[in-house]
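In what follows, residues are counted from 1 in the order of the sequence shown. Note: hydrogens, waters and symmetry copies are ignored here, and every other heavy atom, side chains too, is used.
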Amino acid sequence: QVKLVESGGGLVQAGGSLRLSCAASGRTLSNYPMAWFRQAPGKERDFVAHITWSGTNTYYADSVKGRFTISRDTAKNTVYLQMNSLKPEDTAAYYCATSLGRIVTRYTRRDEYDFWGQGTQVTVSS
């Protein structure tokens, strides 16, 4: 049973930073791809960032490129999302996700991922 638990959300002023964590149990994250999505009220859950199973490649939504960084600590079996220069439009619930298999080709699509965390809320005030 794979379980993902996000943490690190909160209230921050525009221009500030937060680091989200996603701790996994039931699987070794270093063997599988991981992603972050976010969902604002009344909107769909959108892709934010992806890291491949090898950790070699990372991908980002255009809206966060240059401000957010996805990374992982294999010793802690945890994936992170470092968010800098936050904007009010970054306000959303943030979710981490992983897939059953090692290869995810359409990494921006929600249906590529099989396991999801419960989410952590990020609120950016102007």
Side-chain angles (χ1 to χ4, degrees):
Q1 181 77 10
V2 178
K3 185 177 181 181
L4 304 175
V5 179
E6 302 96 335
S7 62
L11 174 63
V12 64
Q13 288 188 332
S17 298
L18 281 175
R19 188 178 77 160
L20 306 183
S21 300
C22 173
S25 59
R27 109 173 344 192
T28 301
L29 291 186
S30 59
N31 293 334
Y32 295 94
M34 295 292 298
W36 287 94
F37 283 72
R38 66 186 181 185
Q39 187 168 17
K43 296 188 177 182
E44 293 189 347
R45 191 171 297 188
D46 291 331
F47 169 75
V48 174
H50 174 97
I51 185 166
T52 55
W53 72 270
S54 64
T56 303
N57 296 308
T58 56
Y59 304 95
Y60 299 92
D62 288 342
S63 59
V64 306
K65 203 171 293 183
R67 300 189 297 123
F68 290 11
T69 303
I70 187 171
S71 64
R72 66 186 184 196
D73 184 330
T74 55
K76 295 183 178 180
N77 213 30
T78 299
V79 171
Y80 302 99
L81 185 68
Q82 178 67 43
M83 306 186 296
N84 299 327
S85 302
L86 282 161
K87 305 175 181 179
E89 50 264 45
D90 295 319
T91 294
Y94 283 72
Y95 300 87
C96 65
T98 188
S99 64
L100 276 171
R102 278 191 171 185
I103 305 300
V104 171
T105 54
R106 301 170 297 176
Y107 53 82
T108 63
R109 292 175 58 97
R110 295 189 303 272
D111 57 6
E112 289 282 324
Y113 302 93
D114 304 287
F115 304 101
W116 294 81
Q118 84 291 347
T120 186
Q121 178 67 36
V122 172
T123 302
V124 184
S125 63
S126 57

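Panel note: side chain Glu6, backbone Gln118; a donor-acceptor pair is recorded below 3.5 Å. Under the 3.5 Å distance criterion, the side-chain polar atoms of Arg67 are matched with a main-chain donor or acceptor of Ser63. A donor-acceptor contact shorter than 3.5 Å is absent between the side chain of Asn84 and the backbone of Ser17. Judged by distance alone, with hydrogens and angles left aside, the side-chain atoms of Thr120 form a donor-acceptor pair with the main-chain N or O of Gly9 at under 3.5 Å. Put simply, the side chain of Thr78 gets close to the backbone of Lys76: a donor and an acceptor are under 3.5 Å apart.
Cluster annotation: Val104 and Val48 are assigned to distinct hydrophobic clusters (Ile/Leu/Val/Met/Phe/Trp/Tyr, side-chain heavy-atom contacts under 4.5 Å, transitive).
If you take CD on Gln121 and OG1 on Thr91, they are separated by 7.5 Å, rounding to the nearest 0.5 Å. Here the OH atom belonging to Tyr80 is positioned 12.0 Å from the SG atom belonging to Cys96, to the nearest 0.5 angstrom. In this structure, CZ on Arg72 lies 8.5 Å from CH2 on Trp53, to the nearest 0.5 angstrom. Between the CH2 atom in Trp36 and the OH atom in Tyr60 there is a gap of 12.5 Å [rounded to 0.5 Å]. Separating the NE2 atom in His50 from the CZ atom in Arg109 is a distance of 14.5 Å, to the nearest 0.5 Å. From Met83, atom CE reaches atom CZ of Arg19 across 11.5 Å, with rounding to the nearest 0.5 Å.
Contact between Ser126 and Pro88 at its shortest, heavy atoms only, is CB-CG, 3.9 Å. Pairing each heavy atom of Ala24 with each of Leu4, the nearest pair is CB-CD2, 3.7 Å. In terms of heavy-atom proximity, Lys43 sits nearest to Gln39 at O-NE2, 3.1 Å. Summarising the geometry of Leu81 relative to Ala49, their closest heavy-atom pair is CD1-CB, 4.1 Å, with the distance given to 0.1 Å. Summarising the geometry of Ile51 relative to Gly55, their closest heavy-atom pair is CG1-CA, 3.9 Å, with the distance given to 0.1 Å. Shown here for Leu100 and Tyr32, the closest heavy-atom pair between the two residues is O-CE2, 3.3 Å.
Annotation: cation-pi geometry not satisfied between Arg45 and Phe37 (NZ/CZ under 6.0 angstrom from ring centroid, within 45° of ring axis).
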Kindly indicate, with the supporting measurements, whether the criterion side-chain contact (heavy atoms from CB on, under 4.5 Å) is fulfilled by Thr108 and Tyr59. CA-CA 9 Å; Thr108 63; Tyr59 304 95; over 6 Å; no
For Ser71 and Gln82, run side-chain contact (heavy atoms from CB on, under 4.5 Å): C-alpha distance rounded to whole Å, both residues' side-chain angles, the deciding distance at 0.1 Å, then the answer. CA-CA 8 Å; Ser71 64; Gln82 178 67 43; over 6 Å; no
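In this structure, the ring of Phe47 has its center less than 6.0 angstrom from the ring center of Tyr107.
Residue pairs that meet the side chain to side chain donor-acceptor pair (under 3.5 Å) test with at least one member in residues 92-102, sequence neighbours left out, are Arg27-Thr98, Arg38-Tyr94.
Checked options Leu20, Val64, Val79; the residue passing with Ile70 is Val79 (criterion: side chain to side chain contact (heavy atoms under 4.5 Å, CB included)).
Shown here are the side-chain contact (heavy atoms from CB on, under 4.5 Å) partners of Glu89, two or more places apart in sequence or in another chain: Lys87.
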